[in-house]
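Residue numbers start from 1 in every chain, and the chains themselves are labelled A, B, ... in the order their sequence lines are given, proteins ahead of strands.
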Protein chains: 2
Amino acid sequence: MSTASAQETSNLKGKYHHGDLRQALIAASYDLVNAHGADAFSLADACRLANVSTAAPYRHFKDRDEILAEVTARGFEAMTAKAVEAVEAAGEGTLDGITAMGLAYIDFATAEEGVFRLMFGGAPALEDSEIVMEMGTNCFGYLIQQITAYCSAHGLEQDADAVAVKMWTFVHGASALLMDQKYEKVTPGLDVKRMIAEAVPLLMTKPG
Amino acid sequence: MSTASAQETSNLKGKYHHGDLRQALIAASYDLVNAHGADAFSLADACRLANVSTAAPYRHFKDRDEILAEVTARGFEAMTAKAVEAVEAAGEGTLDGITAMGLAYIDFATAEEGVFRLMFGGAPALEDSEIVMEMGTNCFGYLIQQITAYCSAHGLEQDADAVAVKMWTFVHGASALLMDQKYEKVTPGLDVKRMIAEAVPLLMTKPG
DNA sequence: AACATATGTTAGACGCGCTAACATTGCAAG
DNA sequence: CTTGCAATGTTAGCGCGTCTAACATATGTT
């Protein structure tokens with residue numbers, strides 16, 4: 001989702017109606033959030049990137065939060081795409097595929113840290129957005145699908161939902177701690193990929 | 001009897017030089033961060049709570065981040081205390097104790113959400129603080145201690161560090177997703193305590 | 001060509017972080 | 001006790017950000 005073209009689209013001739021300011025602002029905001037975090041993100045910066053005045057965004061968005069909600073939605077979109085791609089490469093309905101999906105989640109979190117934090121940062125205004133919520137369930141649904149496929153293919157009778165929740169929990173925790181560099185401060189030499197690969201089968205086994 | 005007016009919450013008597021503004025500001029900030037999140041936290045609000053002008057804090061703190069660092073440190077302190085207490089109640093070096101520590105972690109996250117988010121929100125200015133870092137390692141060290149005790153008592157030869165990291169990862173992920181109410185949106189009836197109680201033994205078993 | 005609509009601009013209100021200059025209090029030494 | 005200094009608090013004000021209102025320009029429909 002890297003869009004250095006945020007300016008390109010705006011500079012068509014000396015136009016003074018920007019080609020598609022809405023998209024340009026979303027793209028610019030996405031990059032800015034990734035670069036400096038959502039806290040430090042300012043609408044004004046996005047405006048400078050798009051070469052418009054600071055009042056221009058309000059023709060397209062209600063307020064700052066509405067742009068961030070849009071960025072959040074793009075984030076879920078991108079993450080889901082990355083996860084699907086990873087699974088397809090490693091094999092659908094396989095343990096490798098499921099592990100790969102977890103790793104893709106973590107990769108996304110570290111590669112697009114700012115946006116990931118926004119997606120899971122608990123800004124109440126964003127949580128309510130229809131589109132954001134739908135994207136989230138989509139992504140999780142895909143995980144359940146993979147686990148169900150694996151279980152039924154191997155005659156396991158685990159509750160796929162329960163397994164999926166544990167998996168998500170673990171992978172999300174790893175993402176968060178990785179981003180915060182908490183691991184390094186506490187267990188310096190940790191191999192995260194290996195940890196995930198170990199934990200996935202463990203969480204797959206039936207408890208009790 | 002009550003000679004003093006009603007405004008003695010922050011201080012003794014109607015003093016013009018606030019008794020201990022530094023502590024009062026930290027306490028006010030702690031509460032505000034918990035109430036509205038670190039993003040929405042404004043130094044000005046804390047000043048109003050303490051009945052001082054917005055310039056007063058700068059006699060005690062370099063800038064806003066320095067107050068937040070102090071709040072963060074208090075957070076780690078409180079969390080560690082809660083964890084230790086929980087372990088001692090459930091039994092040191094036992095599986096129940098270890099599980100209880102995980103639950104205490106989650107309890108803290110949901111009860112003091114704003115501060116927890118601050119502790120793990122990845123504000124780079126705060127990460128460097130000596131005191132914050134020390135508090136973090138303290139808390140993790142205690143977990144390792146418990147796991148080591150349990151393993152040696154039961155003749156298990158797992159790497160306590162590896163187990164501890166997995167446990168922390170899982171519990172931290174659960175905290176994050178709980179705070180964001182992501183579980184409710186995806187698996188409505190989830191019993192989180194039960195999930196933790198199931199996952200702890202699984203993560204304790206040796207991989208491979 | 002002319003109007004209506006969409007889109008962008010300038011001006012400005014308001015709040016926040018932070019600094020500088022000024023005021024007051026408490027403490028210590030004469 | 002008084003005097004003077006250091007600590008602590010206040011008022012004014014700059015710069016920046018969000019957002020609104022009034023004004024200006026492009027687009028396209030008739």
Query raised in the report: Heavy atom of residues 30-47 of chain B under 4.0 Å from DNA chain C: which residues?
Result: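 B/Ser42, B/Leu43, B/Ala44 - these, ordered by number, are the residues of the stretch whose heavy atoms sit under 4.0 Å from the strand.
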
Query raised in the report: Hey, can you pull the residues of residues 57-64 of chain A with a non-hydrogen atom under 4.0 angstrom from DNA chain C?
Result: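 By residue number: A/Arg59, A/His60.
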
Query raised in the report: Between A/Ala28 and A/Leu49, which heavy-atom pair has the shortest distance, and what is it?
Result: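 So the minimum-distance heavy-atom pair works out to CB-CD1, 3.9 Å.
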
Nearest whole Å is fine: how far is [N] [atom2] from [X] [atom1]?
X	N	atom1	atom2	value
B/Leu68	C/dG17	CG	C1'	12 Å
A/Asp65	D/dC19	CG	C1'	13 Å
A/Glu66	D/dT18	CD	P	15 Å
A/Arg22	C/dA6	CZ	C1'	14 Å

**Report entry** Listed partners of B/Asp107 passing side chain to side chain donor-acceptor pair (under 3.5 Å), at least two apart
**Finding:**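 Checked B/Asp107 against side chain to side chain donor-acceptor pair (under 3.5 Å); zero matches.
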
**Report entry** Check: B/His172 ring centroid to B/Phe120 ring centroid under 6.0 Å
**Finding:**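 Close enough - the centres of the two rings lie under 6.0 Å apart.
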
Report task. Could you tell me if the ring centre of B/Phe116 sits under 6.0 Å from that of B/Tyr105? Result ->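 Under 6.0 Å, so yes.
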
Query raised in the report: Step by step, would you call B/Thr80 with B/Val84 a side-chain contact (heavy atoms from CB on, under 4.5 Å)?
Result: CA-CA 6 Å; B/Thr80 306; B/Val84 170; 4.3 Å; yes

Report task. Can you figure out which of C/dA20, D/dT20, D/dG9 approaches the side chain of A/Ala55 most closely? Result ->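 Closest nucleotide among those given: D/dT20.
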
Query - Any donor-acceptor N or O pair under 3.5 Å, side chains A/Tyr30, A/Glu112 - result: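 Side-chain D/A pair, A/Tyr30 to A/Glu112: present.
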
Requested in this report: For the residue pair A/Tyr150 and A/Leu95, establish whether any side-chain heavy-atom pair is separated by less than 4.5 Å.
Outcome: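 Yes, side chains in contact.
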
Report task. Count the heavy atoms belonging to other residues, nucleotides or ligands that lie under 6.0 Å from NZ of A/Lys193, then report whether that count exceeds 12. Result ->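 No, NZ of A/Lys193 has 12 or fewer neighbouring heavy atoms, counting only those of other groups under 6.0 Å.
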
